[in-house]
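Some notes on the structure that comes next.
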Amino acid sequence: MTTGALKRALLREIIPGYGKRGMGWANPKKAAYNHLYSMVTSSPVDLILDSSKPKHSTKSQLIMSEAECQHKQDLINIYKIGIEQSRVAGELINDAKEILYRETPLDKAIRRIFNYSCGYLNNSMSCGFDFCDMCVERLNKIQRINPIVKEICLEIVSLIRQGNNSKYIYNFLNGKFNV
């Protein structure tokens with residue numbers, strides 16, 4: 001639990017046994033002995049049935065195909081981009097500290113994008129797209145939203161996608177929407 005949630009989620013996607021019980025060697029001497037013992041011994045049932053199934057996965061089972069490996073790498077790259085975009089959305093609310101109690105469309109839009117960034121960070125890598133794509137998809141699905149707030153949200157998403165920092169985005173939006 002000392003490792004961050006994002007790092008654990010990333011490692012769980014990359015390493016097949018990460019975070020599962022029995023994957024570590026808390027007592028290395030005992031674990032090595034048990035591992036060797038289970039490899040070289042057989043039960044009477046195995047002798048009778050002449051079980052030819054290997055007890056442990058073979059090397060060929062552990063190797064991913066090149067396409068699977070490339071797909072995982074693509075997902076990781078998309079998720080890294082999404083995390084960076086989400087970080088900018090988190091910084092945006094820090095730059096606009098006075099919006100916590102105001103009810104202007106700009107303030108509502110910034111709070112909505114911040115809430116989306118929290119949801120994106122809690123989501124697993126299985127979503128398959130970056131933060132900006134997720135925001136656009138969510139905004140298009142919402143039926144009851146103020147059109148001005150939706151327009152500002154889409155503007156924020158496009159500015160984040162362009163690679164602008166949070167201070168620039170906040171100053172730009174303040175100037176454009178005359179807050």
Side-chain angles (χ1 to χ4, degrees), residues 1-20 23 61-179:
M1 295 307 291
T2 59
T3 306
L6 289 175
K7 185 175 180 182
R8 284 196 311 271
L10 185 65
L11 289 173
R12 230 183 340 266
E13 291 294 326
I14 297 170
I15 303 170
Y18 182 79
K20 299 210 171 41
M23 299 314 287
Q61 291 172 336
L62 295 177
I63 298 174
M64 282 193 282
S65 71
E66 190 172 326
E68 289 173 331
C69 187
Q70 184 61 40
H71 178 67
K72 286 269 191 189
Q73 189 63 41
D74 292 343
L75 284 177
I76 290 169
N77 290 337
I78 290 170
Y79 195 65
K80 285 179 182 176
I81 292 168
I83 288 173
E84 180 61 29
Q85 292 170 343
S86 180
R87 184 189 60 76
V88 172
E91 289 175 356
L92 184 59
I93 202 155
N94 284 337
D95 292 339
K97 290 177 184 154
E98 69 273 2
I99 71 165
L100 296 176
Y101 303 107
R102 295 187 331 191
E103 291 299 320
T104 66
L106 175 61
D107 304 332
K108 289 179 181 179
I110 290 174
R111 283 195 301 263
R112 180 177 292 273
I113 294 296
F114 176 72
N115 289 337
Y116 287 170
S117 73
C118 294
Y120 184 80
L121 292 175
N122 291 330
N123 197 5
S124 66
M125 285 178 43
S126 61
C127 66
F129 42 82
D130 65 16
F131 171 71
C132 292
D133 292 338
M134 188 231 13
C135 287
V136 170
E137 182 178 299
R138 278 186 161 182
L139 289 167
N140 289 332
K141 285 182 181 179
I142 294 177
Q143 298 294 326
R144 295 173 47 200
I145 186 173
N146 182 339
I148 297 170
V149 172
K150 184 175 181 177
E151 176 190 345
I152 295 171
C153 286
L154 292 172
E155 184 76 28
I156 292 170
V157 169
S158 69
L159 289 168
I160 290 173
R161 183 173 279 143
Q162 292 171 7
N164 296 309
N165 65 14
S166 60
K167 291 188 187 321
Y168 173 80
I169 294 171
Y170 186 65
N171 292 333
F172 177 80
L173 295 172
N174 269 330
K176 184 172 181 178
F177 294 101
N178 299 323
V179 176

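When each of I110, I113, L159 is paired with I169, the side chain to side chain contact (heavy atoms under 4.5 Å, CB included) condition holds for L159 and for no other.
Atom OG of residue S86 and atom CG of residue L92 lie 11.5 Å apart, to the nearest 0.5 angstrom. Atoms CD and NZ, from E13 and K72 in turn, are 5.0 Å apart once rounded to the nearest 0.5 Å. Between E151 atom CD and I145 atom CD1 the span is 11.5 Å, to the nearest 0.5 Å. Here the straight-line distance linking atom CD1 of I160 with atom SG of C135 works out to 7.0 Å at 0.5 Å rounding. Note that CD1 of I152 and NZ of K176 are 9.0 Å apart. Values are rounded to the nearest 0.5 Å. Once rounded to the nearest 0.5 Å, the distance linking CZ of R112 with SG of C153 reads 6.0 Å.
Across all their heavy atoms, M134 and Y116 have their closest contact at CE-O, 3.6 Å. The two residues N146 and I148 make their nearest non-hydrogen contact at OD1-N, 3.0 Å. Across every non-hydrogen atom of K108 and V149, the tightest pair is CB-CG2, 4.1 Å. Between N165 and V88, the closest heavy-atom pair is C-CG1, 4.4 Å.
In this structure, E91 pairs ionically with R87, as a charged nitrogen and a carboxylate oxygen lie closer than 4.0 Å.
Between L173 and E155 the shortest side-chain heavy-atom distance falls below 4.5 Å. Within the 4.5 Å cutoff, the side chain of V136 has heavy atoms near those of the L154 side chain.
Applying the 6.0 Å contact sphere to CD1 of I142 captures more than 12 heavy atoms from other residues, nucleotides or ligands.
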